[in-house]
Amino acid sequence: MRRPTCAVLNLLLLCPSFIAAAPHETRYDRDITTHCATPRPWRRLSDAIIRKIWGLPEKQQSLGGIGGHAPATRDTLGHLLARYGEDIVLRFTITTAHEASSLAEACRILFLDVWEFNSDWVDVRIAKDVVPSLLGLLPASLQQAHVPLMQDLDLAQAIFESYPSSSATQTHDHDHSYSPHLKAPTQSVRGHPFFKDYQPLSVISPWMSLMASMFTTHVRRINIGISYEGRDISGLRVGVHPTNNDQPSSPRKTIIVTGGSHAREWISTSTVNYLAWSLINSYGKNREITKLLEQFDFVLIPTLNPDGYVYTWEMDRLWRKNRQPTSLRFCHGIDLDRTYPFHWDGDSKPMNPCSESFAGDAPFDGVEAQRFAAWAKNETESNNVDFVGFIDLHSYSQQILYPYSYSCQDEPPTLEDLEELAIGLAKAIRISRKGHAYKVTPACEGNVAMSKNKKDRVILPRIEASGGSALDWFYHEMKVKFSFQIKLRDTGSYGFLLPKDNIVPTGEEILDAVLYLGRFMLGEIGLMGDAPNAEPEKRTKSKSQTEQDADGDGAGEEVLEL
């Protein structure tokens, strides 16, 4: 009975006549006092269809509870409860191919928001009323193989506490607007008060201009391109260039650090800002960072998805994609980390534009990704730049991922060096100032569920598409040998809603990883010596040996105090 029902549902959602009749997406009133927690039209429409098919109660407001206005004061908590109060996040433990494919199909049918997944678990956001329908689509083995996350905190409350204060969404003319807390942090926050809270784009943008104007010797503000809605995709270039103009300069070695490809991953944006501030503020004061900035440029881009990021502050805290229209006019947004052309159609399956991982209708459909790539190519072709490192920050699950993402069948030609450096980065994080443990794995394993036992490893069906990633594109197309995606804190206690007192600790441990990267590329540590571009020998370590190395203890290293 399920298969015909699913076919009818997909037909209703995708047929041209349905699209033509679909209402335009309603733009919510931005006034906090008059905001109404009404689901978007396509969500109401899909709810009605599923309610009709599975007999869900009318009181259900939304399958995923998506859409909402950013809370600013405690007076607006009621609005959050109305929008997100019926939502929970469930973690499923997957052990077989049948379980993985069943869960993936159920998520597609019910338009569920898959938060995160790896070799051990899958986290799914779902309305409480829809849980029986989800379980009805799953095999018996998954009926009890799930637990709720954030058990001590409601989802709406966690969202509420991720915002700093009402002043954070307004114009910031004074420093005190950065710092008010809804709740005192459990530990003192070190460093600049800018990092006591997550900051909106209206604060980040002038802060970047301030950094460039105050530190003119080694900081420039740059523009990567223009977003779909017309916002600048801004970044900071940090580095000290030689002043001897008599000798021709070689291409400037440059490391890119990006965040915010997925709008709701606020910790990635804050971590890029923390790295920028640490490098800028430490030049001339810290010997290691001074040497690093003399040898390399760092291009730090806090958010590649400014439209989506603004939307998370003003409308829907859990929005993931960018904000451009799709072929279904009531489903906006393209996943910017699935739209790059390298193996863009990685799984060769048609994508629903309403999916959180929709890759677009063609490679580079995502405007911001296309303009980022065009900027990078122009830098190497016209501006004497040599990109030697690429770090793409995401959340969550505490993983260091290296190419390839699209498939586990193909190995990158520089696998041994990638793995060696990834293990070193994980160790640098772990021995950092109360740093956390990060898992090292190929990106393909970070994007599929896998069953592991003593005899063999079984690759299970993907929960979501995995082709078209920025990681693979920079590694393969731009020849950036040391390309990594790092998924930041935590491992599911808060997920995308990481408490703001984690901003500085997360920034500190990633700063130590970046410093390790610099020492590695300068030939001061590792097996590479001083030839970072040399081709590696054939990999000889087994996977078990690699995991043992990653878990091994190491002597402490000097840490940077800012």
Side-chain angles (χ1 to χ4, degrees), residues 30 32 69-73 76 159-183 185 189-215 219-224 226-227 229-238 257-281 300-317 319 323 368 393 395 488 496-504 506-507 562:
R30 293 174 182 267
I32 295 175
H69 188 76
T73 68
T76 64
I159 292 173
F160 175 73
E161 292 187 358
S162 69
Y163 290 94
S165 68
S166 58
S167 62
T169 58
Q170 307 299 325
T171 301
H172 296 269
D173 298 323
H174 306 286
D175 287 342
H176 67 76
S177 63
Y178 293 143
S179 58
H181 281 271
L182 302 177
K183 178 180 177 181
V189 178
R190 300 176 294 279
H192 198 283
F194 182 77
F195 300 103
K196 292 181 180 179
D197 287 305
Y198 294 108
Q199 303 295 348
L201 193 65
S202 62
V203 174
I204 294 172
S205 184
W207 177 82
M208 294 171 71
S209 297
L210 180 64
M211 293 296 101
S213 64
M214 289 179 61
F215 301 95
V219 182
R220 284 193 296 129
R221 178 168 177 165
I222 61 175
N223 185 25
I224 304 303
I226 304 297
S227 72
E229 293 182 342
R231 295 182 176 89
D232 287 341
I233 307 172
S234 298
L236 292 174
R237 185 187 296 272
V238 184
V257 184
T258 63
S261 290
H262 294 148
R264 61 191 175 189
E265 298 172 8
W266 286 7
I267 187 60
S268 68
T269 294
S270 291
T271 301
V272 174
N273 287 334
Y274 186 89
L275 291 174
W277 179 78
S278 300
L279 295 175
I280 293 168
N281 187 60
L300 302 119
I301 308 169
T303 175
L304 285 170
N305 182 9
D307 298 345
Y309 188 70
V310 169
Y311 196 78
T312 62
W313 281 85
E314 296 182 348
M315 301 295 287
D316 181 358
R317 172 64 180 87
W319 184 260
R323 289 296 303 158
E368 294 81 3
L393 298 180
S395 72
L488 304 169
F496 300 121
L497 305 172
L498 190 69
K500 52 201 172 185
D501 55 4
N502 280 259
I503 294 173
V504 170
T506 303
L562 298 176

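Keep in mind the model is a prediction, meaning the values are calculated, not measured.
Checked by atom type, the side-chain pair Ser162/Trp266 shows no donor-acceptor distance below 3.5 Å. Arg221 and Ser209 share a donor-acceptor pair across their side chains, judged by distance under 3.5 Å alone.
Atoms CZ and CZ, from Arg264 and Arg317 in turn, are 9.5 Å apart once rounded to the nearest 0.5 Å. Taking CD from Glu368 and CG from Asn305, the interatomic distance works out to 5.5 Å, rounded to the nearest 0.5 Å. Atoms CG and OH, on Asp316 and Tyr311 in that order, are 6.0 Å from each other to the nearest 0.5 Å. A distance of 7.0 Å separates CG in Leu393 from CG in Leu275, rounded to the nearest 0.5 Å. Going from atom CG of Leu498 over to atom CG of Leu488 covers 8.5 Å, rounded to the nearest 0.5 Å. Taken to the nearest 0.5 Å, the CG atom of Asn502 stands 11.0 Å off from the OG atom of Ser270.
For Thr269, the side-chain contact (heavy atoms from CB on, under 4.5 Å) partners two or more places apart in sequence, or in a different chain, are Ile204, Asn273, Pro302, Thr303, Tyr309.
Counting heavy atoms from C-beta on, the side chains of Val257 and Ile301 never come closer than 4.5 Å. Contact annotation: the side chain of Ile233 approaches that of Pro306 to within less than 4.5 Å [non-hydrogen atoms, C-beta and beyond]. Put simply, the side chain of Arg231 reaches to within 4.5 Å of the side chain of Leu201, judged on heavy atoms.
The minimum heavy-atom distance linking Ser395 with Ile267 is given by the pair CB-CG2, 3.6 Å. Closest of all the heavy-atom pairs between Leu236 and Met211 is CD1-CB, 4.3 Å.
In summary, of the residues considered (Thr312, Asp307, Val310), a side chain to side chain contact (heavy atoms under 4.5 Å, CB included) with Trp319 occurs for Thr312 alone.
Between Trp207 and Phe194, the ring planes are parallel. Angles under 30° get that label, and only those over 60° would be called perpendicular.
Between the side chain of Thr506 and the main chain of Ile503, no donor-acceptor pair closer than 3.5 Å is present.
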